[in-house]
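Working notes for the structure below.
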Amino acid sequence: MKKIFALVDCNNFYASCERVFNPTVMNRPVAVLSNNDGCVVARSDEVKALGVVLGTPYFKCQKQVRKHNIAIFSSNYTLYGDMSQRVMETLEQFTPDIEIYSIDEAFLSLSGFEHLNLYQYGRNIRRTVEKWTGIPVSIGIAATKTLAKIATRIAKKEKSFKGVCSLVNDSRLDDVLKATPVENIWGIGRRSAKKLHARGLYNAKRFKYANAKWVKKHLTVVGLRIQQELWETSCIPLEQFPPPKKQIICSRSFGRPVTSLHDLREAVSDYTHQAAMKLRKQKSLAEVLQVYIATNRFKAEPQYCNAMHVTFPSATADSFQLARFACRCMERIFRSGYRYKKAGVVLAGLIPEGESQADLFWNTSSLRKQKLMDGLDVINEKYGHGSIRIASAGIRQPWQMKRDFMSPHYTTRWNDIPVVKATES
DNA sequence: TCTGGGGTCCTAGGACCC
DNA sequence: TCTGGGGTCCTAGGACCC
């Protein structure tokens, strides 16, 4: 049976989320900043039109922000995560086979839906999502994921398509590919694009008809798969049930330079706890813990970075145990006299709960400790992240990241629920 | 003053084994 | 003086994604 994939992609997702509950920015350009208010990571259409490039450091576009009255927001992941869930739940109305690919994208399997007018079906999905969540989306429909990605670009770019583009059984497919630069193909990054250009392959159609042996040699099997997908041969399947993560990272830049071991210990304790919560959520244990620190590479000042990892005799998901080791690693790699910008924690060697090898001389997590962890997670889930932290993460936390333009937690905090006031006319 | 964070997959090369 | 061939496992680094 021929496969059909739809890709649903939220438009300017973070910026759209900020607009849903804040009508005052509906007609203003909106930009959302990365963690630490570092770079622009999401832009409304108006901001794109003003020429503000994705990834621009905030301090480099402040002039434009003032001149054009751009509304600026710090990243509010609690809000975006919740809005994402609403969008995904809406999509589940349309097919049971859905892969949540990222916070703002989902692949839907529409195989077996050929009897429908796929374009109209897409339009229906789009209307419903916008009505139920307030988030505008673009939808691309095609025989492979790679082609669905291309279709979505067209749906977004060509206004006459009204947000939906189907390339299923479409004789114009090669024309569409011809108009698609290779660097815009999903999975073709800067380096691969350069190689393709060097061989005179500038658009997706040329790539499609290129010599497969050459493709395999220079772009590996990954490139070969992409090429196959351009031929409508599906090689990248729908992953409905994503496998558990193989590593969990928590790393952050600091709001200001950090110089003391004390503060760095606090920071990695906090990061370790956050990573451990994710670890427990996917019901895994970690065998390896890694800690790293780095100075600010953009500054002309003494640079230092280092990392250290420990392997446990028996895998664990205990926040306290992990944090203790994280602090010990930090003590080992810390050198005084530097201004640190960033620290991170990696949990690796992840195995499913219940598959751990007990070690005779290793203090394995007791049942009581496990109950304590469960309690911690329940409370943090219910009252918001950071309601309960571990003491070694400190209270004052001078290293905390900057978030000067944070919007309220409209959907997840009682006190932040928007209030609509009637005015007398 | 101010430059994000969290992932995956693939390959090459070294260690080690039979 | 000569130094096969095949296999596995691990790690670091490259490339890419959102």
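To find a chain, count down the sequence lines: A is the first, B the second, and so on, and within it residues start at 1.
Between A/Asp104 atom CG and B/dG5 atom C1' the separation is 15 Å, expressed in whole Å. When the P atom of B/dT3 is taken as reference, atom CZ of A/Arg297 falls 10 Å away, rounded to whole Å. We find that CE of A/Met406 is positioned 14 Å from C1' of B/dG4, with the value rounded to whole Å. Per the geometry, CD belonging to A/Gln274 stands 8 Å off P belonging to B/dG6, to the nearest Å. Following rounding to the nearest Å, A/Lys60 (NZ) and B/dT1 (C1') show an atom-to-atom distance of 14 Å. Whole-Å rounding puts the A/Ile226 CD1 to B/dC10 C1' distance at 12 Å. Rounded to whole angstrom, the span from the CD atom of A/Glu99 across to the P atom of C/dC18 amounts to 12 Å.
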Sort me out a list of protein N/O and nucleotides 11-15 of chain C N/O pairs below 3.5 Å, or just none if empty.
{"from": "C/dA15", "atom 1": "OP1", "to": "A/Arg191", "atom 2": "NE", "distance (Å)": "3.4"}
{"from": "C/dA15", "atom 1": "OP1", "to": "A/Arg191", "atom 2": "NH2", "distance (Å)": "3.1"}
{"from": "C/dA15", "atom 1": "OP2", "to": "A/Arg191", "atom 2": "NH1", "distance (Å)": "2.6"}

Dot-bracket for DNA chain B, 5' to 3', counting Watson-Crick or G-U wobble pairs under 3.5 Å, with [ ] for crossing pairs and | for inter-strand pairs?
....||||||||||||||
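Backbone-only engagement by A/Arg252 is indicated by non-hydrogen atom pairs under 4.0 Å involving sugar-phosphate atoms exclusively. Heavy atoms of A/Ile188 sit under 4.0 angstrom from primed sugar atoms or phosphate atoms, though from no base atom. Counting non-hydrogen atoms under 4.0 angstrom, A/Lys194 reaches nothing in the nucleic acid. Residue contacts shown for A/Gln62 are absent, as no nucleic acid heavy atom lies under 4.0 Å away. As judged by a 4.0 angstrom heavy-atom cut-off over every strand, A/Ile248 is placed among residues touching the sugar-phosphate backbone only. Base contact: A/Phe298 has a heavy atom under 4.0 Å from a base atom.
Between A/Asn11 and A/Ser138, the side chains place a donor N or O and an acceptor N or O closer than 3.5 Å (distance only, hydrogens not considered). Side-chain atoms of A/Glu158 and A/Ser160 include no donor-acceptor pair closer than 3.5 Å.
Below 30°, between 30° and 60°, or above 60°: for A/Phe254 and A/Tyr271 the angle between ring planes is below 30°, a parallel geometry.
The phosphate of B/dT3 has OP1 or OP2 within less than 4.0 Å of a side-chain N or O from A/Lys341. Listed pair A/Thr220 / B/dC9 fails the phosphate criterion, with no side-chain N or O lying under 4.0 Å from OP1 or OP2. Checking the phosphate oxygens (OP1, OP2) of B/dC9, a side-chain nitrogen or oxygen of A/Lys246 falls inside 4.0 Å.
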